[in-house]
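Quick one: the structure is below, and I'll ask about it shortly.
All chains are named by letter (A, B, ...) in the order of the sequence lines, taking the proteins before the strands, and each is independently numbered beginning at 1.
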Protein chains: 2
Amino acid sequence: MNIQEDAADGVSLASTSHTSDSPSVRSARAARGPSIGDVARAAGVSAQTVSRVSNGLTNVEEKTKQRVLDAMKQLGYRPNRAARALKSGQFKSIGVIMFNLSTYGNRRTLDAIATAASQAGYSVNLIPLHDPTTGTVTGAYNRLKEQDVDGVVIIFEAHLFDRADITLPEDLPAVVIDSSPGYGYPMVDTDQAEGARFATEHLLDLGHQQVWHIGGPVSSFSARHREESWRRTLDEAGIEAPTVLHGDWSTESGYQVGMELGRDREVTAIFAANDQMALGAMRALHELGRLIPDDVSVVGFDDLEESTSFWPPLTTIRQDFLAVGRLSIEKLLQQIAGNTPASVVTTVPTRLMVRKSTAAPAG
Amino acid sequence: MNIQEDAADGVSLASTSHTSDSPSVRSARAARGPSIGDVARAAGVSAQTVSRVSNGLTNVEEKTKQRVLDAMKQLGYRPNRAARALKSGQFKSIGVIMFNLSTYGNRRTLDAIATAASQAGYSVNLIPLHDPTTGTVTGAYNRLKEQDVDGVVIIFEAHLFDRADITLPEDLPAVVIDSSPGYGYPMVDTDQAEGARFATEHLLDLGHQQVWHIGGPVSSFSARHREESWRRTLDEAGIEAPTVLHGDWSTESGYQVGMELGRDREVTAIFAANDQMALGAMRALHELGRLIPDDVSVVGFDDLEESTSFWPPLTTIRQDFLAVGRLSIEKLLQQIAGNTPASVVTTVPTRLMVRKSTAAPAG
DNA sequence: TTCAAGAATGTTTGCGTAAACATAGCGAGA
DNA sequence: TCTCGCTATGTTTACGCAAACATTCTTGAA
């Protein structure tokens, strides 16, 4: 046995104080890059001057500035975020609490949020929640507070719990992505009403006398908005809206409702509150032997990437999730900067994507 | 006008130095909670003792510990992460670099990663990349280094660039989620070979004489693994593998290849390298009037949530993305703890999900 | 020529924490 | 009884940075 092996064995056998000290200290030292002081020494200036250069302040002579920049580059200096945060109280980090990463819209939104935040020099601290009760929301919020995030974006799935239960951050800038008003925070959301109107009008324009609706869960604000708008659009056309059957956003629930609607020969036009339920409904129609779009037209909501390849390709409402994410960061950064935390709802327009699942009624 | 209004007006009109100072300082002060010193004073002990309690060290008398804990609770004390990080050099934060948030597998994996990391007391710092060139990878890595993350999980989409181009972190623990060996980092991945074998064997077991394959992009290691395993399985059954047509994972590309394969009456069994291409291929088969599974059987890979509702419901290979995410965090934390950075590949088993898109051949 | 005003730069200090070191107190064995 | 050695606790210090304040130098007007 050589010395190295002895030492290695010692790690597991001998005093723990030695074993825990040695590697951690070593790795910590190794990880630490050059400090502001090292740069100062290399450039022959004071640490404060380096700090000034590092923060882009103006009152530094060009020549000095260059010397400092050179030293920085040569040493590979990177400002230490922990120290900066400790000093300034700002972490340049924003937290994202979201309830459902597996939703198409949410993941697109998250992507946009992360991109926008990065561009603004902020890091994104993600906390996905699975069990959306008050406890977990509060817990997530506390975790983020410990992490010293500068602000929070919360992507709600309002239908999963009672709004009154939600305890939102009090002293932390926040933006909520949701359709329900009244959190007292700036909100960003797709223009649900517009989208639902587009969908309904499209079917009416094709000549359908009636448009059936597969609603989302009743406790979802966005689902409610879509339903209300669909009803209003029919109203305006002098049509009395039929009974709404509700799913839970899943393809399976769409299938259930689709079976029910499909059996009714009266039904020639269906507007589903999301693409997945539309997909399920189409499957039901296939099984019932009803042709799409010849016998029944179907419109969805979301515009999943896959929707172009459904059978038939689905006519749907495209949501601009990218804009939703980008806007929410924009508003959050405004708040962090201390500007008016305008408690308003910002709305993002939608677009009708006409594909193969809709046509004029057969009769 | 009262004094308050004067002051408020001053913010927008008077010297900028004043306006920028005042709110930021105020908010910073307001945000700072009680410090370890405040707790110490309240409990009548030294700051160090509070620190010991806070870190769960043992050499504190039970009575003292209780007094400190009470004081903490009463003051609502939360350790300051910045200070802790500055002192210890550890941020309790792991970075995630991923190339494609909009992939089903990736988002599931991310979810698992975030959950596992949270449970271990680590925060997740997400950096999604859109343009996966060496530059952006390096940039993302540098950003994470600035953020002082303790480790990095990189979710590669190997097919998007040349592996040799990738500059991986040198002094930062890392785990790679990918199918290509040789990064010199621990890797975690689905057992691609097993899955492809399951799919191919399933079709052969049903009585098909030949199995056609829609491959993923040639530069993707996971695609390559699936293809190789498919070929080997046919080999072992004494069947010479037909020419492979490659898609790019998208439904659209699956549709293209599906049209080509579907026109060949010989083709009775198709194994697509992912569910989306399988979906595209099924659309092509529908358009060509070929019945699924009566005329042609189709198997996918991934098991998207929607796959149960495709028409017909898709037989596919389920990947356990949750396990992939969980294992990658496990390995990363081991490395961070200083344990052997075992540069091994960990493989996660798959499962065949038989649904309605496969059946015995008609003949 | 003198000095005030301002620009460039340096020095001191403290953010909150925890390691390192110091001290006090107490029990066991010589 | 007197150490020795342990445990519980306190004190000092440094992590890296940037505000606050201090100093030096430059410039131009009186």
Contact pattern, 5' to 3', of nucleotides 5-11 of chain C - B, S or - by protein heavy atom under 4.0 Å: ---SBBB
Nearest-Å distance for atom pair CZ/C1', residues B:Arg67 and D:dG10: 13 Å
Closest to side chain of B:Leu86, choosing from C:dT17, C:dG16, D:dC17: C:dG16
Between the first and last five pairs of the helix from C:dT1-D:dA30 to C:dA30-D:dT1, the angle of the axes, rounded to 10 degrees: 60°
Whole angstrom value for the distance that separates P of D:dG16 from CE of A:Met72: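 Distance check: A:Met72 CE to D:dG16 P gives 15 Å.
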CG-CZ distance between B:Asn125 and B:Phe91, expressed to the nearest 0.5 angstrom: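 B:Asn125 CG to B:Phe91 CZ: 9.5 Å, rounded to 0.5 Å.
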Integer-rounded Å distance: C:dT12 P and A:Lys87 NZ: 16 Å
B:Pro79 vs B:Ile36 side-chain heavy atoms within contact, under 4.5 Å: no
Whole angstrom value for the distance that separates P of D:dA18 from CD of A:Gln90: 13 Å
A:Asn55 vs D:dA18: side-chain N/O to OP1/OP2 distance below 4.0 Å: yes
Sugar-phosphate, base or nothing in reach of B:Ser35, heavy atoms under 4.0 Å: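 The residue B:Ser35 makes sugar-phosphate contact but no base contact.
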Result block: side-chain N/O donor-acceptor pairs under 3.5 angstrom for residues 64-78 of chain B, not counting sequence neighbours:
unit_1, atom_1, unit_2, atom_2, d
B:Arg67, NE, B:Ala43, O, 3.0
B:Arg67, NH2, B:Ala43, O, 3.4
B:Arg78, NH1, A:Glu146, OE2, 2.9

A:Asn80 CG - C:dG16 P separation (whole Å): 17 Å
All side-chain contact (heavy atoms from CB on, under 4.5 Å) counterparts of B:Ala116, not counting sequence neighbours: B:Arg326, B:Ile329
What's touching nucleotides 22-27 of chain C from the protein side, N or O pairs under 3.5 Å?
none

Closest contact, heavy atoms only, A:Ile94 versus A:Ile336: CG2-CD1, 4.3 Å
Heavy-atom closest contact (A:Val124 atom, A:Ala117 atom, distance): CG2-CB, 3.6 Å
D:dA18 OP1/OP2 closer than 4.0 Å to side-chain N/O of A:Arg84: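 A:Arg84 to D:dA18 OP1/OP2: side-chain N or O found under 4.0 Å.
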Beyond-backbone contact of B:Arg84 with B:Asn55, side-chain heavy atoms, under 4.5 angstrom: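 They are in contact (side-chain heavy atoms under 4.5 Å apart), so the answer is yes.
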Where A:Pro186 and A:Gln335 come nearest, the two heavy atoms and their spacing: CG-NE2, 3.3 Å
Interatomic distance where CD1 belongs to A:Ile36 and C1' belongs to C:dC15 [whole Å]: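 Atom-to-atom, A:Ile36 to C:dC15, this comes out as 15 Å.
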Pair A:Ser46-A:Thr49, side-chain donor/acceptor within less than 3.5 Å: yes
Atom-pair distance (CZ on B:Arg81; P on C:dA18), nearest Å: 13 Å
Minimum-distance pair of heavy atoms, taken over all atoms of A:Ile177 and A:Thr109: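 Residues A:Ile177 and A:Thr109, closest heavy atoms: CD1-CG2, 3.6 Å.
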Pairwise salt bridge (Lys or Arg N to Asp or Glu O under 4.0 Å) hits with a residue in residues 39-50 of chain A, at least two apart: A:Asp38-A:Arg41
